[in-house]
Amino acid sequence: DVCSSDLFISCFPVTIEHQNYYNKLKSKVEVMNWAIKDPLSNKGLKMYIFDTMLEKLNSHLTKYERLLQFRAKYIIDLESANKDLKVILYKDKVKTNYEDLSGGEKQLVNIALVFALHDTISENKECNLLWLDEVFESLDIDNIEVVAQLIEEKSRNRNIHLITHLENFNPYHSHTV
């Protein structure tokens, strides 16, 4: 576009005032272009916020490694068309695919994610309410106990509403409906 180029300006006699005014306008246009294109793009402000939240989420996930019995880390797959959210799992320092986990192991990963998300949100805005639906599904007896202990820990100073078909699950200070 000839009108926006420096060449156009140099075709006419221009004073220093005109040149300064042109440079200011050019700078404003560059800022406006950035404000329109970059902040909400996958490389702008949106990505910065998402990366920061993922960093916090992954930090909170480390608290649940004993629950998982392996390490989990969430990333954005920048190679995928939709910039998919993926989980990287390490069991005994060996990379494991989520798809290769048993139903119970997947359930543990999902529970850890829920608790880590809750912790991340509660960092800035206390959230004393947690809803859990069928968290014991697909878990063996040992893992039911681990998750039950974690729920009991999480229930301190917050309300937890738990939907389960486990008849014998009745933690201290609970009310069954």
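Each residue takes its place number in the sequence, starting with 1.
Other residues, nucleotides and ligands contribute at most 12 non-hydrogen atoms within 6.0 Å of the CG atom of Asp92. At most 12 non-hydrogen atoms from other residues, nucleotides or ligands lie less than 6.0 angstrom from CD of Glu55.
A donor-acceptor pair under 3.5 Å is formed between the side chain of Thr96 and the backbone N or O of Val94. Judged by distance alone, with hydrogens and angles left aside, the side-chain atoms of Ser27 form no donor-acceptor pair with the main-chain N or O of Lys24 at under 3.5 Å. Judged purely by atom type and a 3.5 angstrom limit, Glu105 uses its side chain to pair as donor or acceptor with the backbone of Ser102.
Within the structure, side chain to side chain donor-acceptor pair (under 3.5 Å) pairs that include any residue of residues 106-116 comprise Tyr98-Asn110 (at least two apart or interchain).
For the side chain to side chain donor-acceptor pair (under 3.5 Å) test, no residue two or more places apart in sequence or in another chain qualifies with Glu126. Taking Leu129 as the reference, Trp131, Asn159, His161 meet the side-chain contact (heavy atoms from CB on, under 4.5 Å) condition, with sequence neighbours excluded. Residues passing the ring pair (Phe, Tyr, Trp, His ring centres under 6.0 Å) test with Phe136, sequence neighbours excluded: Phe169. Considering only residues two or more places apart in sequence or on other chains, Glu134 meets the side chain to side chain donor-acceptor pair (under 3.5 Å) condition with His165.
The side-chain heavy atoms of Thr164 and Val135, taken from C-beta on, include no pair separated by under 4.5 Å.
Rounding to the nearest 0.5 angstrom, the gap separating the CD atom in Glu137 from the CD1 atom in Ile163 is 12.5 Å. Taking CG of Leu108 as the reference point, atom OG of Ser138 lies at 9.5 Å (rounded to 0.5 Å). Atom NZ of Lys56 is separated from atom OG of Ser59 by 9.5 Å, given to the nearest 0.5 angstrom. Note that NE2 of His118 is 12.5 Å distant from CD of Glu123, once rounded to the nearest 0.5 Å. To the nearest 0.5 Å, atom CG of residue Leu57 and atom OG1 of residue Thr120 are 5.0 Å apart.
Linking ILVMFWY residues whenever their side-chain heavy atoms come closer than 4.5 Å, directly or via other members, places Val114 and Leu166 in the same cluster. Taking hydrophobic clusters as Ile, Leu, Val, Met, Phe, Trp and Tyr residues chained together by side-chain heavy-atom distances below 4.5 Å, Ile151 does not share a cluster with Ile121. Leu117 and Leu85 fall within the same hydrophobic cluster, defined by Ile, Leu, Val, Met, Phe, Trp and Tyr side-chain heavy atoms under 4.5 Å apart, directly or through other members.
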Inset, instruction - Check the pair Lys63, His60 against side-chain contact (heavy atoms from CB on, under 4.5 Å), reporting the backbone distance first and the verdict last. - result: CA-CA 6 Å; Lys63 294 187 269 185; His60 287 293; 3.0 Å; yes
Inset, instruction - Run the numbers on Leu132 and Phe115 for side-chain contact (heavy atoms from CB on, under 4.5 Å), then give the verdict. - result: CA-CA 10 Å; Leu132 303 170; Phe115 285 135; 4.1 Å; yes
Inset, instruction - Please assess Asp119 against Lys154 for the test salt bridge (Lys or Arg N to Asp or Glu O under 4.0 Å), listing each intermediate value before the final yes or no. - result: CA-CA 10 Å; Asp119 294 344; Lys154 286 289 184 186; 2.5 Å; yes
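Heavy-atom minimum distance, Val109 versus Leu89: CG2-CD2, 4.1 Å. The two atoms that bring Tyr64 and Ala112 nearest to each other are CB-CB, 3.9 Å, heavy atoms only.
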Give every donor-acceptor pair under 3.5 Å between a side-chain atom in residues 67-76 and any protein atom, sequence neighbours left out.
residue: Gln69; atom: NE2; partner: Asn143; partner atom: OD1; Å: 3.3

